[in-house]
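As structure tokens, the structure follows; a few thoughts come after it.
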Number of protein chains: 2
Amino acid sequence: MIAGNRDSIDEASRVSSRIILGDCIAEMEAMPAKSVDLIFADPPYNLQLNGDLFRPEGSRVDAVDNDWDKFDTFGAYDNFTCRWLSAARRILKDTGTIWVIGSYHNIFRVGTVLQDLGYWVLNDIVWRKTNPMPNFKGTRFTNAHETMIWCSKSEKARYTFNYHAMKMLNDDVQMRSDWTIPICTGGERVKIGGVKAHPTQKPEALLYRVLMAASNPGDVVLDPFLGSGTTGAMAKMLGRSFIGIDREQAYVEVAQKRIAETRPLAPDAMQITRGKRQEPRVAFGTLVEAGLILPGQELVDTARRYKARVRADGSLAFRGDAGSIHQMGAAAQGAPSCNGWTFWHMERGGALEPIDTVREAYRRDLAA
Amino acid sequence: MIAGNRDSIDEASRVSSRIILGDCIAEMEAMPAKSVDLIFADPPYNLQLNGDLFRPEGSRVDAVDNDWDKFDTFGAYDNFTCRWLSAARRILKDTGTIWVIGSYHNIFRVGTVLQDLGYWVLNDIVWRKTNPMPNFKGTRFTNAHETMIWCSKSEKARYTFNYHAMKMLNDDVQMRSDWTIPICTGGERVKIGGVKAHPTQKPEALLYRVLMAASNPGDVVLDPFLGSGTTGAMAKMLGRSFIGIDREQAYVEVAQKRIAETRPLAPDAMQITRGKRQEPRVAFGTLVEAGLILPGQELVDTARRYKARVRADGSLAFRGDAGSIHQMGAAAQGAPSCNGWTFWHMERGGALEPIDTVREAYRRDLAA
DNA sequence: AGAAATGATGAATCAGATG
DNA sequence: TCATCTGATTCATCATTTC
């Protein structure tokens, strides 16, 4: 079913956006074979959440509890995955590629089905979130990334990969399989009456890079799980034709409005390069893990008044207490704070060397 | 089969390293059930690594007449994966966890089998390589990471996670699911006659973090695909008992030599930061009994909005009601729960001090 | 007006001991 | 096994309020 006759054709770029309200499997089965250049899919993750989760300060986390994310068993989810990926493969051109995003809850199931259906994995791409939600209970590692699987239609297939555009986007070095991009917040987040319109809106920067990497202006891009319409908005902006499908009337309306308000870039503006994010800091513990500073090592201040000992987790034992190099440096001096990197020193050939020089050496090795 | 009688027991740390030459499935099936605390596995990415390939039912295929299609190939790999992960699950303690590392070639199959066998995924961890091999042909993104899946034995199982040690290793912020660590090169790379002894030697920093995160000194660590022995070397260094299995005599010898040359850290250097969950419980009433807090003492929150009074039995009188410090804290805020230790404060010299500091002082006195 | 403090929030499989 | 109680736990970013 086509939602109204809101289909838009942008005269300047001669590309169209078509939004379909309906079940993506049935709708894809109704489309002509080998008619799509790129598929980006953000299927339900099958999160399997139990009760409520509260933050330390008492507020409740607004979790994804929508019906569309509920499946009875892994088998039911696998079956659903197999059916929509089969329908997608039929309409994908032989030179087309597919991207599917997910988390550890579902991405292994998706990857297995992709391989079983004959898709050929080109890369798995890690979206590193700069600002993920923390693990409030201190029970696991902060779940700070999601995974995208990028596949061609088959092993020998030729496919679009704009290698040089990616290199240009990345300060003239090859784009890696890990992408560092913030989650979608602020003005970019679509809201209705102050409430987020969709629980899992993807950042535009993510789709920008996907479309830049694996499609060209004029290509047909399909998103079978349209949601808030990020794929459609970026497709229009970058001069790609777009087909979006969603089962929910509310999401279709949100996406239609959003895409209608998106303006295509001028062709010459499409080659904007974007800067790389700054390199992450080096933790003291990293130097311990790397074997550059050994657990048990004694550290002293310049005057050798205070002595502390490095522990296996990168903390410092000092006068019966333990804490970070900064905390223990502050404790030694009775100061509110301290830069442990310059306060603490190691004996090196009779002389004292600040531990910061070890960090500098580590950074030099990384760069080399 | 046990390789010779080279088993070593380090007298200082009272932990042992045992290296076994043999097929890991058979060897694990011969081990006692629920006897291992942590499993780290780096399985082969394809079954042709040793010239051997298994059919779905487990029989060996001659790699020369490879006339099966992709489904058969994946089926054989899935079967192999299912068999070794089943054997691993039997010998894993109910409180144990397993780590499996892989790339997009195999990790989706591994993750699916893990979930199907009832393992419960805790995190997928991305090892970001600072210095990956470039993609020379410019046909894909630089494959700059590998993925580890970390699982408990079942959904409700309790497991070891040294949250505070991980936080300490990361400059006092939660450790994330993406770890930035260089690949194994230079002096750390084991070589024989100038040639690398193993094609996929893992960096010691990676195993250091895995073992620090999910095991404690004295735990039993198993690596069913021993290879160059990085897991064994780090286990010995960190005071864990180790069992390593490999089918290749050459790798067994390399690993044995490497582990023998590894020296354990001094026990006090192995100390890590533990959280309050590990400390002995002290009831609020105990502090009243001990005279550290007197009945009649007034307690307030940080904003001095709520006032309560300590009663002789260690309960708190608040607005005509009475109960524990936690119940009254929750009641004051209208919250479902509350940590009374940090919510309630006492006046001390004009400043407010949380009652938790009194508990801390009491614990210090106990330790002294 | 501008700076600083406070509050809100994001795909989350988020506790453990005791009776 | 289940109900009850204690009490441990958050990072980056943007928006809003207060100083």
Would you tabulate the nitrogen or oxygen pairs shorter than 3.5 Å linking the protein to nucleotides 9-11 of chain C?
residue : atom : partner  : partner atom : Å
C:dG10  : OP2  : A:Lys196 : NZ           : 2.7
C:dG10  : O5'  : A:Lys196 : NZ           : 3.3
C:dG10  : N7   : A:Arg55  : NH1          : 3.3
C:dG10  : N7   : A:Arg55  : NH2          : 2.9
C:dG10  : O6   : A:Arg55  : NH1          : 2.4
C:dG10  : N2   : A:Asn131 : O            : 3.2
C:dG10  : N2   : A:Pro132 : O            : 3.1
C:dA11  : OP2  : A:Arg189 : NH1          : 2.9
C:dA11  : OP2  : A:Arg189 : NH2          : 3.3
C:dA11  : OP2  : A:Pro199 : O            : 3.0
C:dA11  : N7   : A:Lys202 : NZ           : 3.3
C:dA11  : N6   : A:Asp42  : OD1          : 3.3
C:dA11  : N6   : A:Pro43  : O            : 3.1
C:dA11  : N1   : A:Tyr45  : N            : 3.1

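- Donor-acceptor pairing under 3.5 Å, judged by distance alone, is present between the side chain of B:Trp120 and the base of C:dT13.
- For the C1' atom pair drawn from C:dG7 and D:dT10, the interatomic distance equals 14 Å after rounding to whole Å.
- Between B:Lys167 and D:dT9, a side-chain N or O to OP1/OP2 separation shorter than 4.0 Å is absent.
- For the pair A:Arg140 and D:dT9, the criterion of a side-chain N or O lying under 4.0 Å from OP1 or OP2 is not met.
- Look at B:Asp356 and B:Lys276 and you find a salt bridge, because one of the NZ, NE, NH1 or NH2 atoms lies within 4.0 Å of a carboxylate O, short of that distance.
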Report task. Before giving the answer on ring pair (Phe, Tyr, Trp, His ring centres under 6.0 Å), spell out for A:Phe225 and A:Trp84 the whole-Å C-alpha distance, their side-chain angles and the decisive distance to 0.1 Å. Result -> CA-CA 10 Å; A:Phe225 304 97; A:Trp84 78 258; 5.0 Å; yes
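- Comparing the C1' positions of D:dT1 and C:dG16 gives an interatomic distance of 16 Å, to the nearest angstrom.
- Residues satisfying the ring-ring contact (aromatic ring centres under 6.0 Å, His included) criterion with A:Phe141, sequence neighbours excluded, are B:Trp150, B:Phe161, B:Trp179.
- The partner of C:dG10 is D:dC11, by the rule that a Watson-Crick or G-U pair needs both atom distances under 3.5 Å.
- Using a 4.0 Å cut-off, no side-chain N or O of B:Tyr119 falls inside it from OP1 or OP2 of C:dT13.
- Side-chain atoms of A:Asp246 come within 3.5 Å of backbone N or O of A:Glu248 as a donor-acceptor pair.
- When rounded to the nearest whole Å, the span between CG of A:Asn66 and P of C:dA12 equals 12 Å.
- Using P as the reference atom, D:dA15 and C:dA11 are 16 Å apart when rounded to the nearest Å.
- At a threshold of 4.0 angstrom between heavy atoms, the contacts of B:Ser337 include nucleobase atoms, whether or not backbone atoms are also involved.
- B:Arg359 comes within contact range of the sugar-phosphate backbone alone, with a heavy-atom separation under 4.0 Å but no base atom that close.
- On the P atoms, C:dA17 is 14 Å away from D:dT9, given to the nearest whole Å.
- Across the strands present, D:dT17 finds its partner in C:dA4; the criterion is a Watson-Crick or G-U wobble pair with both atom distances under 3.5 angstrom.
- Residue contacts for A:His145: at a heavy-atom cut-off of 4.0 Å it reaches no nucleic acid atom on any strand shown.
- The existence of a salt bridge linking B:Glu279 and B:Arg363 is confirmed by a sub-4.0 Å separation between a basic side-chain nitrogen and an acidic carboxylate oxygen.
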Query raised in the report: Given the rule in the side-chain contact (heavy atoms from CB on, under 4.5 Å) test, do A:Val64 and A:Thr200 qualify, once you have shown the distances and angles that lead to the verdict?
Result: CA-CA 8 Å; A:Val64 177; A:Thr200 71; 4.0 Å; yes
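- Backbone-only contact: A:Asn143 has heavy atoms under 4.0 Å from sugar-phosphate atoms and none from a base.
- Nucleotides C:dT9 and D:dG7 place their P atoms 31 Å apart, quoted to the nearest Å.
- Atom NE2 in B:His326 sits roughly 5 Å away from atom C1' in D:dT6 (whole-Å rounding).
- As a whole-Å value, the separation of B:Gln327 CD from D:dT4 P is 12 Å.
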